[in-house]
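Sequence lines set the chain letters: A, B, ... in the order given, protein chains first and strands last, and positions in each chain run from 1.
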There are 2 protein chains.
Amino acid sequence: MQSLFVVSEALRGRKVVYSASMTTALASFIQGKWQAGNGKGRPLENPATEEVLASASTSGFEFSAVLDYAREVGGQSLQKMNLKQRGELLSKLAAVMADNREELLKLAQLNGGNTRGDAKFDVDGASGTLAAYSKYVESEELTIRDGEAVLVGRTSRLIGQHVWLPRKGAAILINAFNFPAWGFAEKAACALLAGMPVVCKPATATALVAHRMFELFVEAGIPEGSLSLICGSVGDLLNHVTSQDVVSFTGSSDTAKTIRTTDSVINAGTTVNVEADSLNAAVLGPDVDLFSETGQLFLKDVVKDMTQKTGQKCTAIRRVLVPASAVEGVCEELASRLSEVKIGDPTAKGISMGPVATKKQKLDVLAGIARLSADTEAVWGGDGSEVTPEGTNGKGYFVSPVLRLAKDPSNLGIVNEHEVFGPVATLIVYDGTASQAAKIVAAPGGGLVSSVYSDDKPYLREAVLGMAPYHGRIYIGSEKMAAQSPGPGTALPSLLHGGPGRAGGGEELGGIRGIRLYQQRVALQGDKSLLKSIID
Amino acid sequence: MQSLFVVSEALRGRKVVYSASMTTALASFIQGKWQAGNGKGRPLENPATEEVLASASTSGFEFSAVLDYAREVGGQSLQKMNLKQRGELLSKLAAVMADNREELLKLAQLNGGNTRGDAKFDVDGASGTLAAYSKYVESEELTIRDGEAVLVGRTSRLIGQHVWLPRKGAAILINAFNFPAWGFAEKAACALLAGMPVVCKPATATALVAHRMFELFVEAGIPEGSLSLICGSVGDLLNHVTSQDVVSFTGSSDTAKTIRTTDSVINAGTTVNVEADSLNAAVLGPDVDLFSETGQLFLKDVVKDMTQKTGQKCTAIRRVLVPASAVEGVCEELASRLSEVKIGDPTAKGISMGPVATKKQKLDVLAGIARLSADTEAVWGGDGSEVTPEGTNGKGYFVSPVLRLAKDPSNLGIVNEHEVFGPVATLIVYDGTASQAAKIVAAPGGGLVSSVYSDDKPYLREAVLGMAPYHGRIYIGSEKMAAQSPGPGTALPSLLHGGPGRAGGGEELGGIRGIRLYQQRVALQGDKSLLKSIID
């Protein structure tokens, strides 16, 4: 594609090794080489212009062989490396990304509808996560031993020692369309460090960034078989999983259900980690003045989560709980800030929000807003369809930010049931008590992250402990941390990412915790000196 | 039933409070009271005599209300108790079992086909597990905090702290027929300590022991709603699970599949822990002389696992790997020991092996032996049907111990595929290398526990590390621990019980590890002093 050439040549000062650019067909990196599928494949578009950038097909691939190669060749490569060497591999991947940052940012803007800020959030988030994980090799906790030895006999000779060992399969990483770079990095960092070869399957529609990353990785040199990339449909890959593979999936709960109930997955007992729907809430405490630091942080975080990545973050705030007394002020402030959002082609100057990623996403978002409308009132953005994007040719998958209002907390209907994956949030009026807030926040049955904004300790204690069992992370916005807060929507390498119930029940990141998904915990039981000779 | 009366009165010197004994219908303890289902229910037999001891029905139960009561009333009871108080509850349950040990042992013998030794293994294993867990409340690791706080901002004000909180649902514990007492205890100890109310569903056929335990618990006084017991079918209970419930299941992989693919379980994202099939292996190292301590331990453990509980242990050795040079000796020694096994009504004197638990089990075991026979040769016990039990009336579900031999390690067929859940094992001839042993042991795709008997460090290292990723526990039999070894078949509170793949992917016990199944791990992120006021 011409556009890709221009980007790449201009940025890198040389003709890039871009196997797809001549043919527009993105190859996959499988069985140690770049291979293109048969047929036309699925198109990858620029969602701001609807221009087709490339296509991807996996037709004709033999996925059982793809997995076998990863398990055997990749498994051996990684498992003969020590922890320090695996850490160095992550550092190298991070450095490759940093060295090619401008090109990757541009590709994210072209294929993802990202503003430059959005693109950084994905690309720098990815390299940052790889770099952060490369440092965990120095952690004392990341040893083969899980806890201390325990006595299990009458004398100190007979002991038990739990250990962590890499699973002898492939880590099949199926990522969502919204984070082609970070989605790879947050899963692959953990799998590689654990010693498992990675088979990465980005969402086809936005695979350009991941594809280019893999080209750069391969060019820089990676351990044989350690990284495979599938651009296009996953085909019958899941029919070939074994008990030692791990499937780590981010995406819709419908697809999660399909994965979980696939015969081969059930029969082999394959480990499946899911990160799916989440109706993340932000709760404003009754003590908060909107013009205090805490109040301003709350407003900033809500608007950021509505507009960053055009609201396409699994961690984005979808429900905003506000005490009755504060509703009018919050509506006014949010509407004022949303009115300043500049929508348009994100490669143009001054644009603060791009399109959603695909035509299907636009249709889904608009349909979701229509469903919300049945149970809510409009505050800003109406039904989302009225938008006049700047710098576009009248095309593109644009929607307006939409803020809705639900006045009756006892009758929230669809607001607690359906996640609209776009720049859409609903204000919910509550009575200002921590107990009602916790009950509403918990209602959807499990989420990734919710947040509470307050400086009132008794209120916070009740609200946080009430909400926490339904989440993987709780973020507390308050006066003294406001200046340095990343907001609830930023997943950090050191804190868990995942949540129970409808959020999928998964656990990713969280430092060393995320690595354990790719290892088997085993109790070794026997004579102390024999065990020592096995472990050390 | 008369027999129950006799047992109970004679042992306890008073008329027992045994709600079922007048009517033979076992009641369930639900919604805070004993309630019997409608209709005839399913019979509970004495498998040595085929005498019907009682029946159990849950027809007419409203299972959504059963779960609601447990979650609300039981959840509140337990979550207002501190850890020390929950530990005291476990101590109390253990003491109640110890005080009524003789009665429980007799019931296990009557309803389970257990020898007195088998009954002790179950009943003492249960009280021992409850007692062991009561002591974990003193462990420094069992705090709300998961690891240290981490810095997540530019200054030390903004931190993240992972915590463990009890899930706000019910722990639905579905147990297997072979361990009515221990099956309850190993799951309930963890759930109660975590702060989750227990809904216990023993296998109906052998529910008498669990039923009596609950009568004794209720009589002794338990926190309201903390323990419920379902005697009989589980009905539509699974249709009412939520995202905060935990289903912990031990049993067949077919039932596990049904649970895992139940719409409500999938849709709610309910946590499911499974402990299912396992083709546990025992590997004899090439260095071992059969008449050494290690060799004798190996022979003892194999015979024990074949005959204890009539081979009905999920941890029992099913495959016995022997180097070609040792096969003849092993066959001779095992046959000699098996010839001394006295089969009959386990309440009679001198009996060392009782019947299997039910008619269905007998049919399954005989069918399984027939399947094995296609790929193996007979060493002892033929097809299992030729048995003349002592002290019986010609009835009862008896099978003979059966030892088979598979000579070609490259063609093991059904031996690596089908678990025969009875007194049955297969010898497998291997080439004496650790690599071939590990490969054969791993072949079924995941097991609970396998064992290696050797004193050769390099051999052990290769064999153990090769087998370990496919297991939850590896047991090393060697000279210096032989005198105090419990054998691989004994699950210990301090070591993990569970295994990947076909073993179900679950993790139970393992000390504090087993408690975490019933808790949600959450990252709390915010101002340091606010977080402290929430957690402490």
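- Interface check for chain A: of the options B:T270, B:V152, B:V452, the most heavy-atom pairs under 4.5 Å are formed by B:V152.
- With chain B as the partner, the residue from A:G526, A:G445, A:S451, A:G505 showing the most heavy-atom pairs under 4.5 Å is A:G445.
- The shortest non-hydrogen separation linking B:L465 to A:I534 is CD1-O, 3.8 Å.
- Contact of A:T155 with chain B is made through backbone and side chain together, with heavy-atom distances under 4.5 Å.
- Separation of atoms CD (A:Q161) and CD1 (B:I474) is listed at 14.5 Å; rounding is to 0.5 Å.
- Using a 4.5 Å cut-off between heavy atoms, A:L495 touches chain B through backbone and side chain atoms alike.
- The parts of B:A468 that come within reach of chain A are both its backbone and its side chain, each placing non-hydrogen atoms under 4.5 angstrom from that chain.
- Only the side chain of A:L492 comes within less than 4.5 Å of a heavy atom of chain B; its backbone N, CA, C and O stay farther away.
- Neither the backbone nor the side chain of B:D277 comes within contact range of chain A; no heavy atoms are under 4.5 Å apart.
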Given A:R521 and B:R513, is the side chain to side chain contact (heavy atoms under 4.5 Å, CB included) satisfied, shown in steps? CA-CA 10 Å; A:R521 179 151 61 177; B:R513 295 166 189 84; 3.5 Å; yes
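- Contact annotation for B:L496: both backbone and side-chain heavy atoms come within less than 4.5 Å of a heavy atom of chain A.
- Using a 4.5 Å cut-off between heavy atoms, B:L460 contacts chain A through both its backbone and its side chain.
- Contacts of A:L165 with chain B are made by side-chain atoms alone, with heavy-atom separations under 4.5 Å and no backbone atom involved.
- Taking each heavy atom of B:Q520 and A:P500 in turn, the nearest pair found is OE1-CB, 3.3 Å.
- Contact of A:L531 with chain B is made through the side chain alone, with heavy-atom distances under 4.5 Å.
- No other option in A:G160, A:A268, A:G446 has as many heavy-atom pairs under 4.5 Å with chain B as A:A268.
- Contact annotation for A:S253: neither backbone nor side-chain heavy atoms come within less than 4.5 Å of a heavy atom of chain B.
- Side chain of B:H471 to main chain of A:V522: no donor-acceptor pair is present (N/O by atom type, distance under 3.5 Å, no hydrogens or angles).
- Between the CD atom of A:E141 and the CD atom of B:E148 there is a distance of 7.5 Å, given to the nearest 0.5 Å.
- In terms of heavy-atom pairs under 4.5 angstrom with chain B, the leader among A:H497, A:Q244, A:E479 is A:Q244.
- In this structure, chain A has a heavy atom under 4.5 Å from the backbone of B:P166, while its side chain stays farther away.
- Side chains of A:R260 and B:T261 form no contact here, defined as non-hydrogen atoms less than 4.5 Å apart.
- For the atom pair OG1 of A:T242 and CZ of B:R502, the computed distance is 13.5 Å after rounding to the nearest 0.5 Å.
- Defined by atom type and a distance below 3.5 Å, a donor-acceptor pair is present between the side-chain atoms of B:Q525 and A:R473.
- Heavy-atom minimum distance, A:G501 versus B:S243: CA-CB, 3.5 Å.
- Closest non-hydrogen pair, B:P469 versus A:K168, comes out as CG-CE, 3.8 Å.
- Neither the backbone nor the side chain of B:E462 has a heavy atom closer than 4.5 Å to any heavy atom of chain A.
- Within a 6.0 Å sphere centred on CD of A:Q484, heavy atoms belonging to other residues, nucleotides or ligands number more than 12.
- Summarising the local packing, CD of A:Q79 is surrounded by more than 12 heavy atoms from other residues, nucleotides or ligands at distances under 6.0 Å.
- Counting heavy-atom pairs closer than 4.5 Å to chain B, the top residue among A:G498, A:A523, A:S454 is A:A523.
- The distance from the OG atom of B:S478 to the CZ atom of A:R157 is 7.5 Å, given to the nearest 0.5 Å.
- Interface residue A:D536: only backbone heavy atoms are found under 4.5 Å from chain B.
- In this structure, the side chains of A:S494 and B:L151 stay at 4.5 Å or more apart for every pair of heavy atoms.
- Between chain B and the residues A:A442, A:G269, A:G472, A:A276, the most heavy-atom pairs under 4.5 angstrom are made by A:G472.
- Looking at B:D245, neither its backbone nor its side chain comes within 4.5 Å of chain A, counting heavy atoms on both sides.
- Between B:D527 and A:I476, the closest side-chain pair of non-hydrogen atoms is not below 4.5 Å.
- By number of non-hydrogen pairs under 4.5 angstrom with chain A, the leading residue of B:K528, B:Q519, B:M481 is B:M481.
- A donor-acceptor contact shorter than 3.5 Å links the side chain of B:R461 to the backbone of A:S533.
- At least one side-chain heavy atom of B:L158 sits under 4.5 Å from a side-chain heavy atom of A:P486.
- Using a 4.0 Å cut-off between charged side-chain N and carboxylate O, B:D263 and A:K257 make a salt bridge.
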